[in-house]
There are 2 protein chains.
Amino acid sequence: MSRERNDIDYTMLNSLVGYRLRRAQLAYFENFTATCTEQGVTPGLFGILAIVYHNPGLTQTAVAQAIETDRSAMVAAVDKLEKLGLIERRPAENDRRSYALFLTGHGITFTENLHRKVLKHEAHFEEVMKDGEKDWLLDLLTRIIDLDR
Amino acid sequence: MSRERNDIDYTMLNSLVGYRLRRAQLAYFENFTATCTEQGVTPGLFGILAIVYHNPGLTQTAVAQAIETDRSAMVAAVDKLEKLGLIERRPAENDRRSYALFLTGHGITFTENLHRKVLKHEAHFEEVMKDGEKDWLLDLLTRIIDLDR
DNA sequence: TATTGTTATACTCTATAACTATA
DNA sequence: TATAGTTATAGAGTATAACAATA
């Protein structure tokens, strides 16, 4: 049985994997968000950088689908990344409706540095994991994510 | 290595436990939210019901702390639950500033039924878990949640 | 002085609809 | 006709500040 920091009985919520996933995710994201904020971006913007880093030339809509958000939300996000000098909109070669997204030189080093910083902060949480547990967790989470795809 | 449903390379995001936690949580919550919506509440309202179910008589502020939200957000939430006939505000016995929260008779059966429905829907995700993996996951998530408390 | 419930407010995220220019 | 980027907009969720009543 788990102990709570206060005298509250969480029995019903604790029985739900979904609720515990949410609270663990919030704990992780507190850290993640702080690391991103220090560098002047948000977790959402980092997600875009990480996708474009590995997939240069994607259109805005393709990136939106990759991070499961609406393409209308991409406009302001890419605007911000452009203003920060991290990303570039280039005309797509064979479709004049769309842009191809690329990281700038600065964007590449920025993204790599931020990724390293986030990994370093994540290491804090690995203190509570035994040998092999992180890989097992990543694998199980992947199975959950892919279940209904 | 995990396969994605599209041709996108997620290497950087996949390396972060935080991002995978978030996506798994979103997958779970899609299901959770749908189950709650069918019964006319939100996951947030269910959280309040679940806390008051096991801890009758808590003040609004105490419930707010239990679910880690601001007490200002409790007002509209408890208003809704009151209009649904699920919860009651009673004057606190020894502090005329605060209310003690209690579920109504209907609130109790409603909460128990909804809890059962959510558990049933969660069982879908257990298809991807081997024997003992669910308990392991709950335990690991608890360790993560409690790390910085 | 400090705290409870409350209100007003603001900010982020997310989603929808409609417009334009292209396809 | 369908799609890409864009704009406007609206809703949910969350956080802050300030107020009246009470401690």
Side-chain angles (χ1 to χ4, degrees), chain A residues 6 18-19 22-23 25-27 29-30 32-34 36-37 40-48 51-52 55 57-83 87-102, chain B residues 6 18-19 22-23 25-27 29-30 32-34 36-37 40-49 51-52 57-83 87-102:
Chain A
N6 46 33
Y19 234 91
R22 177 167 175 270
R23 291 183 63 184
Q25 187 256 320
L26 287 174
F29 252 59
E30 212 170 301
F32 185 14
T33 304
C36 288
T37 303
V41 292
T42 61
L45 293 180
F46 174 72
I48 295 172
I51 292 294
V52 178
N55 308 272
L58 284 186
T59 64
Q60 285 186 196
T61 297
V63 174
Q65 286 168 346
I67 60 174
E68 297 186 63
T69 185
D70 196 86
R71 68 203 153 94
S72 68
M74 289 292 295
V75 182
V78 176
D79 284 352
K80 279 180 202 159
L81 293 173
E82 234 178 4
K83 260 171 205 149
I87 217 169
E88 264 180 26
R89 279 189 249 234
R90 297 187 204 157
E93 289 184 353
N94 35 10
D95 189 337
R96 284 189 298 168
R97 291 174 303 180
S98 60
Y99 294 119
L101 298 179
F102 294 89
Chain B
N6 46 34
Y19 236 91
R22 177 167 174 271
R23 291 185 62 184
Q25 187 258 318
L26 288 174
F29 251 59
E30 212 170 301
F32 185 14
T33 304
C36 288
T37 302
V41 293
T42 62
L45 294 181
F46 174 72
I48 295 173
L49 292 174
I51 292 295
V52 178
L58 284 186
T59 65
Q60 286 187 194
T61 298
V63 174
Q65 286 169 346
I67 59 174
E68 298 187 62
T69 186
D70 196 86
R71 69 201 151 94
S72 67
M74 289 293 295
V75 182
V78 176
D79 283 352
K80 279 180 202 160
L81 293 173
E82 234 179 4
K83 260 171 206 150
I87 217 170
E88 266 181 25
R89 279 189 249 235
R90 299 187 202 155
E93 290 185 354
N94 36 10
D95 189 338
R96 284 189 298 167
R97 291 172 303 179
S98 57
Y99 294 119
L101 298 179
F102 294 88

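Reckoned from all heavy atoms, side chains included, excluding hydrogens, waters and symmetry mates. The chains referred to below are lettered A, B, ... by the order of the sequence lines, with proteins before strands, and numbering in each begins at 1.
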>> Test of understanding: with side-chain contact (heavy atoms from CB on, under 4.5 Å), list the residues that count as partners of B:T33, not counting sequence neighbours.
In response: B:F29, B:T37, B:P43
> How does protein reach along nucleotides 7-23 of chain D, written 5' to 3' as B (base within reach of a heavy atom under 4.0 Å), S (only sugar-phosphate), or - (no contact)?
Replying inline: B------S-BB---BBS
> Contact boundaries of DNA chain C with chain A (under 4.0 Å, heavy atoms), 5' to 3'?
Replying inline: C:dT16 to C:dA23
>> Testing the basics here: between A:Q25 and B:Q25, what is the closest heavy-atom pair and its distance to 0.1 Å?
In response: OE1-OE1, 2.9 Å
> Less than 4.5 Å apart, any side-chain heavy atom of A:L26 and any of A:E30?
Replying inline: no
> Quick one: side-chain contact (heavy atoms from CB on, under 4.5 Å) partners of B:R89, sequence neighbours excluded?
Replying inline: B:Q60, B:V78, B:D79, B:E82, B:Y99, B:L101
> With respect to the phosphate group of D:dT3, does any side-chain polar atom (N or O) of A:T61 fall under 4.0 Å of OP1 or OP2?
Replying inline: no
> Which atoms form the tightest heavy-atom contact between A:A77 and A:I48, and what is the distance?
Replying inline: CB-CD1, 3.6 Å
>> Could you work out, with side-chain contact (heavy atoms from CB on, under 4.5 Å) as the rule, every residue matching B:A64, not counting sequence neighbours?
In response: B:T69, B:R71, B:M74
> Got a sec, which residues hit side-chain hydrogen bond (donor to acceptor under 3.5 Å, both in side chains) with B:R96, two or more places apart in sequence or on another chain?
Replying inline: none
>> For DNA chain C, please output the secondary structure as dot-bracket, reading 5' to 3'. Pairs are Watson-Crick or G-U wobble, both atom distances under 3.5 Å; mark crossing pairs with [ ], other-strand partners with |, unpaired with a dot.
In response: |||||||||||||||||||||||
> Who passes side-chain contact (heavy atoms from CB on, under 4.5 Å) against B:D70, sequence neighbours left out?
Replying inline: B:S72
> Is any side-chain heavy atom of A:V52 closer than 4.5 Å to a side-chain heavy atom of A:L58?
Replying inline: no
> Got a second to check how far A:R90's CZ is from A:S98's OG, nearest 0.5 Å?
Replying inline: 14.0 Å
